[in-house]
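These notes are about the structure you will find just below.
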Amino acid sequence: MLKFIIYKELKEYYLEGKIRWAAIITTLLLFTSILISYQSHKSQLLAHTEASEIERRLWGDQGEKNPHSAAHYGTYVFKLNTPLSIIDPGLNKYVGVSIFLEAHNRNTAEHVSAADQSGLSRFGELTPDFILLYIIPLLIILLGYNSVSREYEHGTLKLIKTQGVSMVKVMFGKWICVFSFSIALLVFTIVSILLLFSFSNHYTAVEIESYIAFFVLYPIYYAILVNIVLLISGLSKHSSRSLVASLLFWIVFCFGAPKAASSLANSYYPYPSKHQFHESVLTDKKQGLDGHNPWNTEAKKLEEETLAKYGVDSLHKLPFNYAGYRMQKGEEHEAKIYSKHYSELKSIAKKQEYIYQMASIFSPFIPTRFSSMGIARTDYSHHWHFSDKAEKYRIEMVKALNMDLAENSSFNEWTYKAGNTLWESIPKFRYNYQDLNEILEHQQTNILILGLWFFLTTCTLFIACRKV
Amino acid sequence: MFKINFKNEVQLFKRNRILHILSIIMFIMVFFSMSTGKEKIQSRNTDIQNEMEELKSYDASLIKKFKQKESGEKLEKPWELGASYISSYRGAVSYMPSKELSFIAIGQSDIYTHQKKVSSYGTDVILDLTELSNPTQLYFGSFDLSFTLIYLLPLLIIAFSYNIVSESRENGTLSLVLSQPLNITTWLSHRVCIRLFIICTIVFTSIFINLIVFNEFQFSLSLFCFLLITFVYILFWFSLSFFINLKRYNSVMNAFILFTIWIVTVFIIPNLINNYINNFHPLPSHAKMLNEIRLTQAKLDKVKDATLQNFLENHPELIDETNTDFGFFQKYVASKKQLKKELTQIVHSYELLIEKRDKMAQMLSLLSPTALLQEAYEEIAGTSLAHYKNYKKQHQEFSEAWLNFFIPYIFKQTTFTKETLTHLPTFTYQTFSRWSVIYRFLTVVLLYIGVIVFYEVKREKKRNIEELLFI
């Protein structure tokens, strides 16, 4: 019987002109978006790889100078987008692409591309995630809004019931048909991207587990939407009402709830302004050791402690250059201050994330959106991960330079200069993005909420079928 | 006949509970979005105020130190009263105040800062004006008034007007109406005008009440423009709805077509425009620009002494015969001037590409009334990219003036006094407006409406009663 229901539904889809056109247009849009996204990812990857190489060359070719001056000269590190960002570029447009690493300061990522774009860019871009998250749900609505209501309108529901067919079976047949369309488009997306990779020399390894994760995440999202659309179709009994109600749900899920959550998150847990943030860092810095200032209280205290530790009465008698040592101690103190203040920022971000999770109760789109960005490594936590790794590298780089000054020069020997050998001895910055298990652990609340949505909508649909 | 039609439409509206709910939702959304915008403006004004207060208290402490110095007291940090220190650490503040209707569109104000410290230390050519913000919030955007009016208001219009003719036809009342001795075109236009009036009443009442609630009601040219462009946008959606209504479709099909138009106008067209611009006029590579800047910096770092020498040759008035021993800061200032000269070319070529891209975006946005409206709202709110670019330019000009003021003090090592503090350059924001954005919206959208109405009138003349009755 199920076979007949599916056959009948598919035939109706085929005969309906608007469904045929919508499916063709969606597939074309999806294919175009994949090609565009792939091309832009490839050119960005090349540009950033080239920039990293030039920056490294500049670093290694500084010539002779004081190691601490080299630490001030600093270097840039660039964030390379992951291949998965072709499917979901997530927040890439809204976070900086490079971080300047220098002595004494932890800088935020620079060059946010959204800052150079007009308000038009806020309408979004045609990327695969846009089709997967916004347009395919519309296709689901188009396929399902009159699935049940037309049976009421045409009076065929009574006929079906008189045949003794279970309503659960009828609904399941309709469910499979609507769901299979969305899955076909998802398969098309993943296969197209994997095919593009196989023809390219730029991608050597494909992280298959992440693609599988996409393959689990999106079908759950689509299943929830199919449940909701069929439920509305069954309850409203009129196709026009069902269409309007389904579209209203789509707007609330995809736009209303996320925007309202965003406004509430900013209202309850606002970020400090850049000025406020820098001022609080500066206040803390002033209260501690300044590597450049030998006269402040903390510097005097360090001097006394060091002399006592090495059992000498003069800084000249220390087995290292005290100036370099003090610079390093100052650096360690500043690193702690930055760690404290950035942790505070992270905790605000965490609280904001909690508001988004609360809003997920009203929208299955939100947990899907967050999980998808997480799997693609294009979410905020990925940016923090990169930024923390860059900070770790900065601390180690500055330490190596300060300790070179301390170990290879004598006190007050400001003419000491190191050469290219030292700069090149500092290892290149290498970044490995987060492991999938780590991401799934971070996303467990979102996955759980999504699971709950699926369970509740499936149960409601099942109960509604039994009551028809 | 108008009176009867009016009564009938009001009765229909009174009986339609869904429309009552939608009207209440509209009011709540206007309230919520206005409160979001207001909150943003308040925090922006507080930030500016705080920074100005900090500057004032810093000046008070400086004056105290100058007095101590004058009375012969020994200062703990005497260098704090030097020109180099004051020019870098005291600095100045440039700021961009909010406009009276800034709360209607958050625009780019969530990305950019509205105040920036001006200092003689650091370069302003590659100025970063971005604010510290959660990128997730930037991605989702805010629930501001422009979102409510651009995205959600058309839905209310569609819900209210998708079945003007089809409902009467489906209920069988159309045949009764047409059996009366009346002009069908007049009957239809009356119904449309009355519905337009009801929608406008709901929307503008919501806006006015909320303006009064938030204490923002003050009649001005900006408010007039805001109301006018909103009205024209409503008119645009009504004309579309009227156009679809007169096609021979049933209510479901009307709703379906109108929602499709909504999706295409609000999402697909702006998305396609964005994609076209990003692919055919991509943003110039930041990474490449950064490399060029670093190469220039590295080159200048190696020739600091020669740069200083060159600078002094061009500025002989700064040479003090009694003191030719220049230190770090003089070398730094000379290098900074040279760096700025060289970087300006690199940054200018980068900005030219962005400008070309912006022009293309502006041209293509003519295809999308929603993009035009967004631009117009941002213009009234003063939160468009153009406003921040203009602020950036004003900041850079002021930074230059600030450094030039201090250069004689830094090079000639002239004593900086308490009186000099009162002569420090101060930043004054020059208001920036582009009324052409409003004119463009009005011209283009009215043209769209004109085309739709003209086409409809032309078709209406050929239509007969059978066609209307769907026979």
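Every chain is numbered from 1, with letters handed out A, B, ... down the list of sequences. Because only heavy atoms are used, hydrogens play no part in the values below, and waters and symmetry mates are left out as well, while side chains stay in. Here the structure is a predicted model, which is why all the values come from computation and not from measurement.
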Using non-hydrogen atoms only, which part of A:K93 is less than 4.5 Å away from chain B: side chain, backbone, both, or neither?
neither

Please classify the contact between B:T136 and chain A as side chain, backbone, both or neither, with a heavy-atom cut-off of under 4.5 Å.
both

Interchain contact, B:K40 with chain A, by part (heavy-atom threshold 4.5 Å):
side chain

Under a 4.5 Å heavy-atom cut-off, does chain A meet the side chain of B:M29, its backbone, both or neither?
neither

What part of B:Q362 gets within 4.5 angstrom of chain A, counting heavy atoms only: side chain, backbone, both, or neither?
neither

Residue part contacting chain B, namely of A:S121, when any heavy atom lies under 4.5 Å:
both

Any donor-acceptor pair under 3.5 Å linking the side chain of B:E131 with the backbone of A:K274?
yes

A:G74 and B:R294 have their tightest heavy-atom pair at O-NH2, 2.6 Å

Contact summary for A:Y145 and B:V252, nearest pair of heavy atoms:
OH-CG1, 3.8 Å

Pick one of side chain, backbone, both or neither for A:Y73, based on which atoms fall under 4.5 Å of a heavy atom in chain B.
both

Side-chain H-bond candidate by donor/acceptor type, A:E125 with B:N278, under 3.5 Å:
yes

Checking the side chain of A:S262 only, and the main-chain atoms of B:F140 only, is there a donor and an acceptor separated by less than 3.5 Å?
no

Is A:T108 close to chain B through its backbone or its side chain, or both, or neither, when contacts mean heavy atoms under 4.5 Å?
side chain

Segment of B:F256 engaging chain A (4.5 angstrom heavy-atom cut-off)
both

Between the main-chain N or O of A:L126 and the side-chain N or O of B:N274, is there a donor-acceptor pair closer than 3.5 Å?
no

For the residue pair B:Y151 and A:F255, categorise the inter-ring angle as parallel (less than 30°), tilted (30 to 60°) or perpendicular (more than 60°).
tilted

Below 4.5 Å from any heavy atom of chain A, which atoms of B:L132 appear? Answer side chain, backbone, both or neither.
both

With a 3.5 Å cut-off and no angle check, do the side chains of B:Y350 and A:D116 form a donor-acceptor pair?
yes

Given heavy-atom pairs under 4.5 angstrom as the criterion, report whether the side chain, backbone, both or neither of B:I106 touches chain A.
neither

For the backbone of A:I54 and the side chain of B:N291, can you confirm whether one donor and one acceptor N or O come within less than 3.5 Å of each other?
no

Locate the shortest heavy-atom distance separating B:P135 from A:L91; write the atom from each residue and the value.
O-CD2, 3.8 Å

Closest contact, heavy atoms only, A:A47 versus B:A287:
O-CB, 4.2 Å

Would you mind checking which part of B:R357 comes under 4.5 Å of any heavy atom in chain A, side chain (CB onward), backbone (N, CA, C, O), both or neither?
side chain

Toward chain B, the part of A:Q276 with a non-hydrogen atom under 4.5 Å:
side chain

Do any N or O atoms from the side chain of A:Q117 and from the backbone of B:L385 form a donor-acceptor pair under 3.5 angstrom?
no

Measure B:Q137 against the heavy atoms of chain A and call it side chain, backbone, both or neither at under 4.5 Å.
both

Can you check whether A:W250 and B:F267 have ring centres sitting under 6.0 Å from each other?
yes

